[in-house]
K.L.:
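Below you'll find the structure I mean.
In what follows, chains carry the letters A, B, and so on, assigned in the order in which the sequence lines appear, proteins first and then strands, with residues in each chain numbered from 1.
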Number of protein chains: 2
Amino acid sequence: MVSINPNSKVDEDLVKEKEAAFAEFIQRRGLKTTRQRNTIVSTFFRMKGHISVEELLVEVKKANPRIGYATVYRTLHLLVESGLVEERRFGDGLARYEGHSAVEHHDHMICLECGMISEFYNPRLEALQEKLAEENNFEIYRHRLELYGACKDKEACQARKKQKEARAQGA
Amino acid sequence: MVSINPNSKVDEDLVKEKEAAFAEFIQRRGLKTTRQRNTIVSTFFRMKGHISVEELLVEVKKANPRIGYATVYRTLHLLVESGLVEERRFGDGLARYEGHSAVEHHDHMICLECGMISEFYNPRLEALQEKLAEENNFEIYRHRLELYGACKDKEACQARKKQKEARAQGA
DNA sequence: TGGAATACGAAAACTGTTTTCATTACCGAA
DNA sequence: TTCGGTAATGAAAACAGTTTTCGTATTCCA
C-alpha cells in the first residue's frame, strides 16, 4: 500500500514548472495569455487537495476580485484539457479539481464525517481489476474507486470536522 | 469472478415480492398507497438495468400519461429510502436507479463505445479494499468501483451501439 | 362518510455549470 | 507603437437535472 500524503508544503519549483507547462499549452493551442488566466492557474497550483470551483473562486478573488466564475470554469476546463489537472466527482454533485500528483493514478477514501479525502494507490488492486476486465472481455481505459466511510481515529476526525465547520461559518 | 447477467427475464414472483416490500414500507412510514405510486413502482421493477428518471417516466406514462416527473422523483426517493433501490451516478450527470439484485453489492464496467453497463462482483477485490482501509485506519461504509473502457468483442459492441442510436432516433 | 393528513401535477425555484453578448485585452503585422 | 482582427472577459441569461411550492385531489381512519 502506498499512501499519499497531501499535507506536504507546496513545492515552488514544481508550481513554476506546471505554470510553464500550461503557458506552453496555451501557446500550442493558439490561445492568448491573460492576466486572469495566470492568476487562476497560479492560484490553483498553490492550493492543495481536491478543489471545488467555489473554493478556487474565493482564493482567486483575493488576488483579483473582478474575476468571475465563468472565467474560473473556463480556465479549469483548459487545465483539464492540458492534462495538468483532473476533474473528479465524489457524488455531492459538484466537480472537484486536482493537479496531477507525483503518483499518476490513485484512488480515494472519503470520510463522510469530516470530509477528509485521502489518496492511495495499490498495484495489486490495479492488477486484479485488469484480470477481472480480461475475464469479461473488456478493456479498461480508466477506472475509479472510491471508499466512503469514516476515519477510525475519531479525535483527528472530529478536529477536522470542527475546523471545517468553522471555515463554513467564516465564509 | 462472479459475473451478473442482467438479461434474464423479469421474475414475476420476485417483482411481486418487491412490490409487497414497498407497500409494507409505505405503511410502516404512515404514508399512503396511491395509484401513481403503484404504477411507478411496478413499472420500475419490471424494467431492468440502470434506469434513468427519463427512461422510467417514458414507461410510466404509457400506463398513465398524467403522471409527472415530480411524482416519479418522489417515488424513486422513497424506493431508495426503503432500501429496495440504489441510486448511482456514472458521471454523465444524471442519476440512475437500480433495483437490488440477488447479489447485494457489485461493481460496474461501463463501455464508453456502446453504453453497456455490466455488473460484477469479486470477493478478492472486496477483501483487498478492506485490507487497504484497515492499513489507513479507515472504516468502509460503502464503496464504488467503476471500470470505464470498451468491449473487446467489437461486433457485439457495435451492434449495441446501433441499437442504442436507433432508440434515440425513435424518441 | 367526513375530514384531516397526505399526495398529486404543473409550474416555479434551485444548484451547479455553460453559454451569450457586448466590451475589453492581447499580440502579430505594419 | 499603433492598428486591427481574434480571442477573452464579466455579467447576466440560459441550461439541465432535480427539488420545492402551492392549490387541488385523493386516501383512509374514526
K.L.:
What residues form a salt bridge (charged side-chain N to carboxylate O under 4.0 Å, His left out) with Glu17(B), not counting sequence neighbours?
P.N.:
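Salt bridge (charged side-chain N to carboxylate O under 4.0 Å, His left out) list for Glu17(B), sorted by chain: empty.
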
K.L.:
Could you run through nucleotides 16-24 of chain C and give me one letter per nucleotide, 5' to 3': B if any protein heavy atom sits under 4.0 Å from the base, S if only the sugar-phosphate is that close, - if neither?
P.N.:
SBBBB----

K.L.:
Please give me every residue in residues 56-67 of chain B whose heavy atoms get under 4.0 Å of an atom in DNA chain D, ordered by residue number.
P.N.:
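Within residues 56-67 of chain B, no residue comes under 4.0 Å of DNA chain D.
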
K.L.:
Can you tell me which residue pairs pass the salt bridge (charged side-chain N to carboxylate O under 4.0 Å, His left out) test with a partner in residues 62-79 of chain B, sequence neighbours excluded?
P.N.:
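Only Glu59(B)-Lys62(B) qualify under salt bridge (charged side-chain N to carboxylate O under 4.0 Å, His left out).
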
K.L.:
Please tabulate the protein-to-nucleotide N/O contacts below 3.5 Å involving nucleotides 26-30 of chain C, giving atom names and distances.
P.N.:
unit_1	atom_1	unit_2	atom_2	d
dC26(C)	O3'	Thr33(A)	O	3.2
dC26(C)	O2	Lys32(A)	NZ	3.0
dC27(C)	OP1	Thr33(A)	N	3.0
dC27(C)	OP1	Thr33(A)	OG1	3.4

K.L.:
Report the end-to-end axis angle of the helix from dT1(C)-dA30(D) to dA30(C)-dT1(D); each axis comes from five terminal pairs, and the value is rounded to 10°.
P.N.:
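The value is 10°.
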
K.L.:
With sequence neighbours left out, write down each residue that passes salt bridge (charged side-chain N to carboxylate O under 4.0 Å, His left out) with Lys154(B), or none if nothing qualifies.
P.N.:
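Partners of Lys154(B) under the salt bridge (charged side-chain N to carboxylate O under 4.0 Å, His left out) test: none.
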
K.L.:
Which residues satisfy the salt bridge (charged side-chain N to carboxylate O under 4.0 Å, His left out) test with Glu134(B), sequence neighbours excluded?
P.N.:
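Checked Glu134(B) against salt bridge (charged side-chain N to carboxylate O under 4.0 Å, His left out); matches are Lys152(A).
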
K.L.:
Who pairs with His50(B) by side chain to side chain donor-acceptor pair (under 3.5 Å), at least two apart in sequence or on another chain?
P.N.:
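So His50(B) forms a side chain to side chain donor-acceptor pair (under 3.5 Å) with Glu98(B), His108(B), Glu119(B).
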
K.L.:
Which pairs count as salt bridge (charged side-chain N to carboxylate O under 4.0 Å, His left out) when at least one residue sits in residues 120-130 of chain B, sequence neighbours excluded?
P.N.:
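For residues 120-130 of chain B, and leaving out neighbouring residues, there are no salt bridge (charged side-chain N to carboxylate O under 4.0 Å, His left out) pairs at all.
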
K.L.:
Can you check whether Arg37(B) has a side-chain N or O nearer than 4.0 Å to OP1 or OP2 of dT6(C)?
P.N.:
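Answer no for this pair, as no side-chain N or O of Arg37(B) is under 4.0 Å from OP1 or OP2.
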
K.L.:
Who pairs with Glu146(A) by salt bridge (charged side-chain N to carboxylate O under 4.0 Å, His left out), at least two apart in sequence or on another chain?
P.N.:
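With neighbours one apart ignored, the set is Arg144(A), Arg144(B).
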
K.L.:
Just grab all the side-chain hydrogen bond (donor to acceptor under 3.5 Å, both in side chains) pairs involving residues 25-38 of chain A, residues at least two apart or on different chains.
P.N.:
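Pairs touching residues 25-38 of chain A that pass the test: Arg29(A)-Glu81(A).
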
